[in-house]
Amino acid sequence: MKKPVIAILGAGLGGSVAAFEIKEAVGSKAEVVVVSQGDTFHFVPSNPWVAVGWRDREAIEVHLPPIMAKKKIGYTGVGARRVHPQENRLELADGESLFYDYLVIATGPELAFDEIEGLGPDGFTQSVCHVDHAERAAEAFEAFARNPGPIVVGAVQGASCYGPAYEFAMILDTELRRRKIRDQVPMTFVTAEPYVGHLGLDGVGDTKGLLESEMRQRHIKFITNAKVAKVSEGLMAVEEIAEDGTVKATHDLPFAYAMMLPAFRGVPAVMGVEGLTNPRGFILADRHQRNPTYPNVFSLGVCVAIPPMGKTPVPVGVPKTGFMIESMVTAIAENLKALLAGEAPSREATWNAICLAEFGDSGVAFIAQPQIPPRNLNWAAEGRWVHLAKIGFEKYFISKIRRGEATPFYEKLALDLIGARKLKA
């Protein structure tokens with residue numbers, strides 16, 4: 001008999017780990033096939049380092065096809081043009097089709113630079129969302145360093161990923177001090193968050209106090225509840241919004257270098273598929289990571305639809321952090337294993353978050369269990385150890401991908417010791 005086919009759409013942080021863990025869970029009971037855009041895995045958390053020349057892209061890349069083949073996982077890098085869930089079919093970019101029994105969507109987002117005039121690498125601001133962008137940002141930074149001026153860093157309205165903005169602002173500060181030109185560079189942090197350290201999570205522990213203190217010590221001014229109206233060459237028009245939604249103040253911020261994280265939306269392959277996505281193109285999922293309309297479709301990572309924490313003067317999305325994504329992966333792997341055994345899916349991800357925000361010479365770490373409050377654990381701390389831990393984690397995670405492993409036993413043991421579980425009891 002023909003084996004069921006489990007298709008995984010996307011091979012980023014979530015999709016690659018999902019391929020390894022799902023294959024381990026289902027064994028020979030199903031074929032696992034990955035569909036990705038290209039053949040290379042990039043460790044996205046290292047992009048801020050690439051953008052200041054601390055890493056070359058080759059150091060954070062992994063060539064996936066031979067690793068997938070070794071694990072007996074099918075792989076194609078042609079990409080997908082459209083998901084047809086009513087037909088259990090992926091329309092591939094080369095015109096071919098892949099029929100599946102189960103689909104796991106792990107595409108990540110499309111970057112919505114076009115929603116603000118002048119935003120993004122094709123406009124007047126840099127990005128660290130993709131390694132290609134980070135390389136361009138590095139070239140722009142070298143040119144900037146020869147002729148310093150004001151810097152603006154942050155995240156625009158609707159963004160749901162704030163950690164890299166804080167990281168990059170602090171990393172820039174560290175690198176500028178190393179080059180002895182920090183005194184020539186006024187810096188401003190612009191964010192849609194209602195307060196510094198909100199992070200789309202209403203804060204974790206004292207992230208508000210820790211990050212505000214870090215900003216002040218590094219002489220970085222900040223504007224919260226900020227809406228970027230327009231970006232032109234060397235100038236960013238920002239509206240500061242009051243609690244009642246009115247414009248409290250306007251700021252015309254000159255810059256010689258700027259990096260602003262955009263809002264996210266669903267990728268074109270899923271955008272507008274009725275019953276699959278919300279109006280923004282994010283995948284609808286129940287507590288078992290299954291789509292309510294198409295129960296053989298699972299989703300994980302940044303592409304999953306999660307409502308915002310609450311009403312804020314400027315739209316603020318909810319981040320999907322690395323460990324939270326890995327908990328989604330484990331839930332999906334166990335639920336697929338159950339379905340193949342003729343059982344109903346029952347496993348739920350904890351959505352716990354463990355994050356290391358690296359600042360070049362120090363950093364802030366936090367644990368949120370679960371990520372969405374109220375929480376059982378709500379902890380944050382800072383120190384040079386975070387910087388060192390982030391370097392260690394980068395090397396460890398990339399080595400895991402190169403070995404084709406999801407969660408080695410010693411990682412499971414370490415997580416158990418700190419009570420960071422991926423599945424609800």
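Scope of the values below: all heavy atoms of this structure, side chains included, with no hydrogens, waters or symmetry mates.
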Do [X] and [Y] touch side chain to side chain, with heavy atoms closer than 4.5 Å?
| X | Y | result |
| --- | --- | --- |
| Cys129 | Leu261 | yes |
| Glu243 | Pro313 | yes |
| Leu172 | Met187 | yes |
| Thr224 | Glu193 | no |
| Ile8 | Val35 | no |
| Val329 | Lys422 | no |
| Val273 | Pro85 | yes |
| Asp122 | Arg136 | yes |

Check whether the ring centres of Phe189 and Tyr166 lie less than 6.0 Å apart, and answer yes or no.
-> yes

May I ask you to decide whether [X] forms a salt bridge with [Y], counting only side-chain N to carboxylate O separations under 4.0 Å?
| X | Y | value |
| --- | --- | --- |
| Asp101 | Lys2 | no |
| Glu91 | Arg82 | no |
| Arg280 | Glu115 | yes |
| Lys3 | Glu31 | no |
| Asp202 | Arg375 | no |

Can you tell me if [atom1] on [X] sees more than 12 non-hydrogen neighbours from other groups inside 6.0 Å?
| X | atom1 | value |
| --- | --- | --- |
| Glu348 | CD | yes |
| Lys390 | NZ | yes |
| Lys400 | NZ | yes |

Trp49 versus Glu394, side-chain donor and acceptor atoms under 3.5 Å |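 Not at all, the side chains of Glu394 and Trp49 share no donor-acceptor pair under 3.5 Å.
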
Classify the side-chain pair Thr350/Arg421 by whether it contains a donor and acceptor separated by less than 3.5 Å.
-> no

So, the side chain of [X] versus the backbone of [Y]: is there a donor-acceptor pair under 3.5 Å, distance only?
| X | Y | answer |
| --- | --- | --- |
| Ser16 | Ala11 | yes |
| Thr40 | Val62 | no |
| Thr174 | Gly360 | no |
| Glu167 | Glu358 | yes |
| Tyr162 | Ala192 | no |
| Thr207 | Val204 | yes |
| Asp39 | Leu64 | no |
| Thr330 | Ser327 | no |
| Asn335 | Ser346 | yes |

Measuring from Asn88:CG to Leu103:CG, what's the distance to the nearest 0.5 Å?
-> 9.0 Å

Shortest non-hydrogen contact from Ile241 toward Lys227 | CG1-CB, 4.3 Å

Worked verdict on Lys337 versus Arg347 for side-chain contact (heavy atoms from CB on, under 4.5 Å) | CA-CA 11 Å; Lys337 182 179 179 180; Arg347 306 316 298 267; over 6 Å; no

Parallel, tilted or perpendicular: ring planes of [X] versus [Y], cut at 30 and 60 degrees:
| X | Y | value |
| --- | --- | --- |
| His133 | Phe113 | perpendicular |
| Tyr102 | Phe298 | tilted |
| Phe41 | Phe43 | tilted |

Dump the intermediate steps for side-chain contact (heavy atoms from CB on, under 4.5 Å) on Phe397 and Leu13, then the final yes or no.
-> CA-CA 9 Å; Phe397 196 93; Leu13 186 149; 3.8 Å; yes

Between Gln369 and Trp351, is a side-chain contact (heavy atoms from CB on, under 4.5 Å) present by the stated rule, with each step listed?
-> CA-CA 7 Å; Gln369 298 182 356; Trp351 287 15; over 6 Å; no

Verdict with reasoning, Phe255 to Val231, per side-chain contact (heavy atoms from CB on, under 4.5 Å) | CA-CA 10 Å; Phe255 64 85; Val231 185; 3.8 Å; yes

